Q: 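Before anything else, here's the structure in question.
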Amino acid sequence: MVSLQASPPQLGPAVAALFGLVLLGVIAGAVGSAIVRRLSNPVGKYRLLYAGVLFPVTLLAYGLLTLLGFGPALVGSVPSVPDILEPILTSFVEFLAAGFVWIAAYAPTVRGVRDVRDIELSTRSTLMKMARYTIGLSGFVAVIIAPLKVVSFGASPLGFTIGLALMGVIVLYASPWIVPLLRETSEPTGESAERLSTLRTHAGLDVRDVLVLDTDDEETANTLARGPPGYRRLFVTSTFLNAFDDKIATALLAIEAGQLRSHVFEIRVSTVLTAGIALIASVTMGPRWLLLGTSFVVLLVGFWASRRGIRMADEYAAKRVGASTVAEALERYAEIHAMEPSRRRIPNPLSVNVALGDRIDRLDNGTSA
């Protein structure tokens, strides 16, 4: 399972590396949270912390654990594992170990999010939800990618990581089916269903159906539209309809429709995966500095494209419902989520988002500004 090894991989070094990576994740999460809490607009900065720091740490953990043969060593220590299940179990163990690093990095941030948003957010329940999501996603990806590892990408951890990136695209478009398996959802009924249908029509958001995510304890009022063209599913948090009136909700859904048109989510996922692959390759293969530079350039270009897509989404929403309404919706969204509409004289090249205050000002002054 691990290339260029004359003897089976040893479990001891891999376990030691896992403990070290968990410690690294905890430190990254704790230090990052401490820094973010002291910045302006900390709620938005937490999202950047997750995407720009903690997720790459998780990818790095996956690459190192795969290189050390953590999956084959652990599965090989279990007697009587059927040959047909060994590749799947090996992949599942490797993904789950990397997911454990993610949870360890995420855990220290929960208290910070709770404090900056001033909400009753249970650390235990939040981590339980994250663990459920991690276990489910690890199993799903392992079942799909294990055959690729055996057939095409078994030669090296980097090759397998490239296979993972390719599968990431599939997972991206399989979200309408994956999310209901990993999160508590329900179908809107009665007045809520009729209201959502009307709002979607006015916003120009073309989706096949809608599911409601249970987020009452998190008090988040968000929407997510995921899936391939022709089968996009809208996910609405359970507090969304209560938090916003029809005018504001329509504007926010119009922004969601605009982001689908400008492929913001696809750009972000591909950027993080590509940069993560280059980062792992710099550690496991080399040339180190060239690959590190490549990873950094990919991040800069991808983040710029993400910011451009957000501006295009605002323009689309402004055409649907009016620029002033979109600006008002963003202000209301910031109020609900305890976000400060920050403004920047010079765009931050290391941010996937446009500063919220800059978006509002741009809409107030006309989207062509």
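Just so it is clear, the structure is predicted and the values come from calculations on it, not from any experiment. Side chains included, hydrogens not; waters and symmetry mates left out as well; all remaining heavy atoms used. By convention here, the first residue in the shown sequence is residue 1.
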Q: Evaluate the side chain to side chain contact (heavy atoms under 4.5 Å, CB included) criterion for residues T109 and Y50: first the C-alpha distance (whole Å), next the side-chain angles of each, then the deciding distance (0.1 Å), finally the verdict.
A: CA-CA 9 Å; T109 70; Y50 296 145; 2.8 Å; yes

Q: Which heavy-atom pair separates E86 from V75 by the least distance, and what is that distance?
A: CG-CG1, 4.0 Å

Q: Tell me whether Y133 is reachable from F95 by hopping between hydrophobic residues (I, L, V, M, F, W, Y) whose side-chain heavy atoms are closer than 4.5 Å.
A: yes

Q: Just by distance, with hydrogens left out, do Y316 and S262 show a side-chain donor and acceptor under 3.5 Å apart?
A: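 Their side chains do not contain a donor-acceptor pair, so the 3.5 Å distance test is not met.
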
Q: Checking R37 side chain against V116 main chain: does a donor-acceptor pair fall under 3.5 Å?
A: no

Q: Rounded to the nearest 0.5 Å, what's the gap from CG on L211 to CG on L196? Could you check?
A: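 It is 11.0 Å, given to the nearest 0.5 Å.
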
Q: To the nearest 0.5 Å, what is the distance between CG (L213) and OG1 (T185)?
A: 7.0 Å

Q: Are the side chain of S91 and the backbone N or O of I88 linked by a donor-acceptor pair below 3.5 Å?
A: no

Q: Is it possible for you to say whether L49 and V352 belong to one hydrophobic cluster, with membership spreading through side-chain heavy-atom contacts below 4.5 Å?
A: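 The answer is no; the residues belong to distinct hydrophobic clusters.
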
Q: R332: which residues meet the salt bridge (charged side-chain N to carboxylate O under 4.0 Å, His left out) condition with it, sequence neighbours left out?
A: E335

Q: Are V110 and V53 linked, directly or through intermediate hydrophobic residues, by side-chain heavy-atom contacts shorter than 4.5 Å (ILVMFWY only)?
A: yes

Q: I need the I135 CD1 to F100 CZ distance, nearest 0.5 Å.
A: 11.0 Å

Q: Do you know which two heavy atoms are closest between A105 and L54, and how far apart they sit?
A: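 Closest pair (atom of A105, atom of L54, distance): O-CD1, 3.6 Å.
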
Q: Are E187 and V212 packed together at the side-chain level, in the sense that at least one heavy-atom pair is separated by less than 4.5 angstrom?
A: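 Answer no - side chains too far apart.
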
Q: Below 4.5 Å, heavy atoms only, C-beta onward: do L330 and I255 meet side chain to side chain?
A: yes

Q: Does V93 reach the side chain of L65, with side-chain heavy atoms less than 4.5 Å apart?
A: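 Not in contact.
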
Q: With distance as the sole test, does H337 use its side chain to make a donor-acceptor pair with the main-chain N or O of T220 at under 3.5 Å?
A: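 It does not hold such a pair.
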
Q: Can you list everything that forms a ring pair (Phe, Tyr, Trp, His ring centres under 6.0 Å) with Y46? Sequence neighbours excluded, please.
A: none

Q: Count I, L, V, M, F, W, Y as connected when their side-chain heavy atoms are under 4.5 Å apart, and connections chain through other members. Are V321 and V236 then in the same cluster?
A: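 V321 clusters together with V236.
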
Q: Test of understanding: with salt bridge (charged side-chain N to carboxylate O under 4.0 Å, His left out), list the residues that count as partners of R261, not counting sequence neighbours.
A: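 If we apply the salt bridge (charged side-chain N to carboxylate O under 4.0 Å, His left out) test to R261, skipping adjacent residues, there are no hits.
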
Q: Do L39 and V113 sit in one hydrophobic cluster, given that two such residues count as connected whenever their side-chain heavy atoms are within less than 4.5 Å of each other, even indirectly?
A: no

Q: Taking side chain to side chain contact (heavy atoms under 4.5 Å, CB included) as the definition, give me every residue that meets it alongside V101, ordered by chain and number, with sequence neighbours left out.
A: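 Counting only residues at least two positions away or on another chain, V101 forms a side chain to side chain contact (heavy atoms under 4.5 Å, CB included) with L18, L21, V22, V57, A61.
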
Q: If we only count heavy atoms from C-beta on, is the K247 to E328 side-chain gap below 4.5 Å?
A: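 They are in side-chain contact.
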
Q: Enumerate donor-acceptor pairs with a distance under 3.5 Å from any side-chain N or O in residues 225-235 to protein atoms, sequence neighbours excluded.
A:
| unit_1 | atom_1 | unit_2 | atom_2 | d |
| --- | --- | --- | --- | --- |
| Y231 | OH | R233 | NH2 | 3.3 |
| R233 | NE | D209 | OD1 | 2.9 |
| R233 | NE | D209 | OD2 | 3.4 |
| R233 | NH1 | P176 | O | 2.6 |
| R233 | NH2 | D209 | OD2 | 2.9 |

Q: For L199 versus A249, what's the shortest heavy-atom pair and its separation?
A: CD1-CB, 3.8 Å

Q: Between G302 and I267, which heavy-atom pair has the shortest distance, and what is it?
A: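 Where G302 meets I267 most closely, the heavy atoms are O-CG2, 3.5 Å.
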
Q: List for me each residue that meets ring pair (Phe, Tyr, Trp, His ring centres under 6.0 Å) alongside F55, sequence neighbours excluded, and say none if there are none.
A: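 So F55 forms no ring pair (Phe, Tyr, Trp, His ring centres under 6.0 Å) with any residue.
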
Q: Which pair of heavy atoms, one from P13 and one from L68, lies closest together, and at what distance?
A: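 Reported closest heavy-atom pair: O-CD1, 4.3 Å.
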
Q: The test is side-chain hydrogen bond (donor to acceptor under 3.5 Å, both in side chains); show your working for T126 and Y106 and say whether it passes.
A: CA-CA 10 Å; T126 300; Y106 176 77; 5.5 Å; no

Q: Please give the remaining members of the hydrophobic cluster of V264, linking ILVMFWY side chains under 4.5 Å, ordered by chain and number.
A: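 Reading the cluster by chain and number, V264 sits alongside I310, V354.
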
Q: Could you tell me whether the side chain of L252 reaches within less than 4.5 Å of the side chain of V326, counting heavy atoms only?
A: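 They are not in side-chain contact.
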
Q: Just grab all the side-chain hydrogen bond (donor to acceptor under 3.5 Å, both in side chains) pairs involving residues 299-309, residues at least two apart or on different chains.
A: R268-S306

Q: Do S192 and L241 come within less than 4.5 Å of each other through their side chains, counting heavy atoms only?
A: yes

Q: Answer yes or no: are there more than 12 heavy-atom neighbours, outside D206 itself, under 6.0 Å from its atom CG?
A: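 12 or below, so no.
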
Q: Are V15 and F19 packed together at the side-chain level, in the sense that at least one heavy-atom pair is separated by less than 4.5 angstrom?
A: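 They are in contact (side-chain heavy atoms under 4.5 Å apart), so the answer is yes.
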
Q: Under the rule for salt bridge (charged side-chain N to carboxylate O under 4.0 Å, His left out), what residues qualify as partners of R114, not counting sequence neighbours?
A: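 Expected list: none.
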
Q: Does T274 reach the main-chain N or O of T271 with its side chain, forming a donor-acceptor pair under 3.5 Å?
A: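 Side chain of T274 to backbone of T271, a donor-acceptor pair under 3.5 Å: no, none is there.
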
Q: Once you round to the nearest 0.5 Å, how far does OG1 of T134 lie from CG of L96?
A: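 Reported value, rounded in 0.5 Å steps: 7.5 Å.
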
Q: Under the salt bridge (Lys or Arg N to Asp or Glu O under 4.0 Å) criterion, do E184 and K129 qualify, and how do the steps go?
A: CA-CA 9 Å; E184 295 182 10; K129 286 182 180 180; over 6 Å; no

Q: Apply ring pair (Phe, Tyr, Trp, His ring centres under 6.0 Å) to F244 and list each qualifying residue two or more places apart in sequence or on a separate chain.
A: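 F244: ring pair (Phe, Tyr, Trp, His ring centres under 6.0 Å) contacts with F240.
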
Q: Short question: side chain of S197, backbone of A193 - any donor-acceptor pair under 3.5 Å?
A: no

Q: Can R362 and D314 be counted as an ion pair, charged N to O under 4.0 angstrom?
A: no

Q: How would you list all residue pairs meeting side-chain hydrogen bond (donor to acceptor under 3.5 Å, both in side chains) that involve residues 289-302, not counting sequence neighbours?
A: none

Q: Could you give the distance from OG1 (T239) to CG (N222), rounded to the nearest 0.5 Å?
A: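 With rounding to 0.5 Å, OG1 (T239) is 7.5 Å from CG (N222).
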
Q: Please report the shortest heavy-atom distance between G112 and S33, naming the atom on each side.
A: CA-OG, 4.1 Å

Q: Within this structure, what is the CD-CG distance for the pair E331 and D364, rounded to the nearest 0.5 Å?
A: 6.5 Å

Q: State which residues pass salt bridge (charged side-chain N to carboxylate O under 4.0 Å, His left out) with D246; sequence neighbours excluded, sorted by chain then number.
A: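 Checked D246 against salt bridge (charged side-chain N to carboxylate O under 4.0 Å, His left out); matches are R195.
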
Q: With the side chain counted from C-beta on, respond yes when Y62 and T58 share a heavy-atom pair under 4.5 Å apart, and no when they do not.
A: no

